[in-house]
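Please read the structure below before turning to the comments.
Counting convention: from 1, in listed order, for ligands and their atoms alike.
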Amino acid sequence: MMPGPVLARVRAEMGDLDGSGMSVLEISHRGSAFRRIADKTESDLRGLLAIPDDYRVLFMQGGATLQFAAVPLNLTTADVTVDHLVTGAWSRRAAQEAAKFCNVNVAADGGPSGYRTIPDRATWSPNPGAAYLAHAVNETIDGIEFPFIPESGDVPIVADMSSTILSRPIDVAAYGLIYFGVQKNLGPAGLTIVVVRDDLIGHARSGTPSLLDYGEVSRSGSMLNTPPTFSWYVTGLVLEWLKHEGGLTEMRIRNERKKDLLYETIDASDLYTNHVDPTYRSWTNVTFDMSSPDLETQFLDQAADAGLANLRGHRSVGGLRASLYNAMPEDGVRALVDFMKDFERRAADQGLGTRSTE
Ligand code: PMP
């Protein structure tokens with residue numbers, strides 16, 4: 001979901017950017033108008049996330065998925081071991097991809113719990129010589145997230161923040177590298193942002209494609225080739241909107257209220273169940289299911305009729321999922337919980353779907 005004021009501005013500026021007489025879709029990425037957009041996007045991101053001076057911000061392509069490969073290509077050699085915390089579908093994919101390039105030690109595996117909890121830290125088996133410790137802060141499909149920063153000593157932490165970035169303040173200095181595609185909390189798909197500490201740049205192994213080499217990308221000002229200009233432009237507008245709305249402290253307050261509202265509704269219900277250990281429930285992607293797939297289909301159909309969209313769980317896990325990204329207003333969540341309560345009342349009247357005892 002995009003913020004309404006951003007969509008309005010995109011519409012207003014579409015024919016004429018900044019009095020140039022041209023659309024953002026027509027200007028050169030090397031011209032001064034785009035240069036201003038690119039510079040402002042970086043400085044607004046630095047401001048909002050309080051990025052320290054010894055970190056570079058790289059604007060890349062290929063999504064978070066390409067970072068699953070770019071990270072080992074830049075930070076390892078083939079004989080090196082890296083630690084991965086596998087807590088859901090995305091961190092599992094990241095570990096599988098990294099294994100093409102180096103030795104992967106799965107230091108914690110939530111698989112046996114069905115990714116319903118994060119394994120107790122006392123059971124982790126990190127490798128003290130690991131080049132980095134990788135994890136996904138929030139698992140978008142499984143609806144589980146880390147409420148803490150893993151302790152890794154001197155080993156740099158690599159964090160996939162695709163679905164939590166800018167949802168609340170973070171301590172960038174606790175990480176060696178953070179990456180995210182912009183398409184969840186920022187703008188249209190196309191742009192991938194990497195925030196990386198200086199000392200981790202410049203070590204790409206030979207044979208790394210230039211577009212994946214953090215050193216080359218950094219030296220070129222993220223302009224080795226034509227960047228996804230529209231995605232970059234809209235990302236810049238969303239960052240301006242975030243600043244105007246009060247920044248990440250305000251986002252944290254709003255997002256906490258939104259997820260509380262929804263989890264309270266689920267927990268008070270006899271029809272909906274969330275299976276994630278409450279300590280690790282995602283603030284962003286709230287997963288729930290019902291006792292029968294047939295009831296879920298009815299729920300989705302009726303929700304769509306009520307204007308409530310995108311509630312189907314990821315195809316790999318089924319069930320239902322509500323994603324509460326920054327642009328989703330509290331009123332949107334209220335509309336959803338009102339609908340859920342009403343649906344539950346109607347299902348109960350028909351004698352359908354009381355929760356099976358687990
Ligand atoms: N990691 C996480 C946590 C994600 O949510 C996603 C996308 N849903 C990805 C990685 C893959 O991102 P992309 O589509 O940008 O490659």
Side-chain angles (χ1 to χ4, degrees), residues 1-2 57-73 82 84-100 104 106 108-111 115 118 132-147 149-150 157-168 170 175 177-196 209 211-212 217 222 227-228 230-232 234-235 238 255 259 276 280-287 310-328:
M1 186 168 183
M2 296 289 296
V57 179
L58 310 179
F59 295 85
M60 300 179 70
Q61 302 186 48
T65 305
L66 198 53
Q67 292 304 316
F68 296 166
V71 169
L73 282 170
V82 297
H84 276 252
L85 306 176
V86 174
T87 55
W90 288 111
S91 53
R92 194 178 62 226
R93 286 264 294 270
Q96 284 163 351
E97 190 75 354
K100 295 178 181 171
V104 169
V106 175
D109 184 8
Y115 302 123
I118 291 187
Y132 56 79
L133 171 79
H135 77 135
V137 172
N138 178 67
E139 286 286 355
T140 320
I141 293 176
D142 306 276
I144 183 165
E145 75 171 52
F146 281 81
I149 299 172
I157 300 175
V158 169
D160 175 355
M161 293 202 190
S162 293
S163 43
T164 48
I165 194 69
L166 297 158
S167 62
R168 66 204 98 150
I170 53 167
Y175 300 91
L177 187 149
I178 293 166
Y179 61 82
F180 51 95
V182 300
Q183 70 270 22
K184 302 204 180 296
N185 240 345
L186 284 158
L191 189 66
T192 310
I193 298 182
V194 178
V195 179
V196 53
L211 280 175
L212 294 185
V217 174
S222 300
F230 183 68
S231 176
W232 199 326
V234 179
T235 295
V238 172
N255 288 327
K259 63 97 184 163
V276 178
Y280 304 115
R281 283 173 163 180
S282 170
W283 288 29
T284 315
N285 308 101
V286 179
T287 52
N310 294 329
L311 290 165
R312 192 185 293 283
H314 191 269
R315 61 188 183 283
S316 61
V317 293
L320 304 156
R321 174 177 59 165
S323 290
L324 311 180
Y325 294 108
N326 284 338
M328 171 59 69

Have a look at ligand 1 and work out which part of [X], if any, has a heavy atom under 4.0 Å from it: side chain, backbone, both or neither.
{"X": "R93", "result": "neither"}
{"X": "Y179", "result": "neither"}
{"X": "D160", "result": "side chain"}
{"X": "K184", "result": "side chain"}

Minimum-distance protein heavy atom relative to [atom]:
{"atom": "atom 3 (C) of ligand 1", "answer": "T140 OG1, 3.3 Å"}
{"atom": "atom 16 (O) of ligand 1", "answer": "T65 OG1, 2.5 Å"}
{"atom": "atom 6 (C) of ligand 1", "answer": "W90 CE2, 3.5 Å"}
{"atom": "atom 15 (O) of ligand 1", "answer": "Q183 NE2, 2.8 Å"}

Yes or no on side-chain contact (heavy atoms from CB on, under 4.5 Å) for K184 and Y325, after CA distance, side-chain angles and deciding distance?
CA-CA 7 Å; K184 302 204 180 296; Y325 294 108; 3.2 Å; yes
CA sep, side-chain torsions, deciding dist, call: D160, Q67, side-chain contact (heavy atoms from CB on, under 4.5 Å)
CA-CA 9 Å; D160 175 355; Q67 292 304 316; over 6 Å; no
Let me confirm one number: the CD-CG distance from Q183 to L191, rounded to the nearest 0.5 Å.
9.5 Å
Return the orientation label for the H135 and F146 ring planes: parallel under 30°, perpendicular over 60°, tilted otherwise.
perpendicular
Candidates A64, S91, G181; heavy atom nearest atom 12 (O) of ligand 1 found on A64
Taking only non-hydrogen atoms of M161, do any sit less than 4.0 angstrom from ligand 1?
no
Min heavy-atom dist N138 to ligand 1 below 4.0 Å:
yes
Contact between I157 and I149 at the side-chain level, heavy atoms closer than 4.5 Å - yes or no?
yes
Non-hydrogen side-chain atoms of I178 and I170 separated by less than 4.5 Å
yes
Numbering as shown, the atoms of ligand 1 that approach F68 to under 4.0 Å (heavy-atom distance):
10 (C)
Residues 310-319, side-chain donor-acceptor partners within the protein, below 3.5 Å, at least two apart:
from: H314; atom 1: ND1; to: S316; atom 2: N; distance (Å): 3.1
from: H314; atom 1: ND1; to: S316; atom 2: OG; distance (Å): 2.7

Name all pairs fulfilling the side-chain hydrogen bond (donor to acceptor under 3.5 Å, both in side chains) condition that reach into residues 136-145, sequence neighbours left out, sorted by first residue then second.
S91-E139, N138-S163, N138-S282, N138-N285, T140-S163, E145-R168
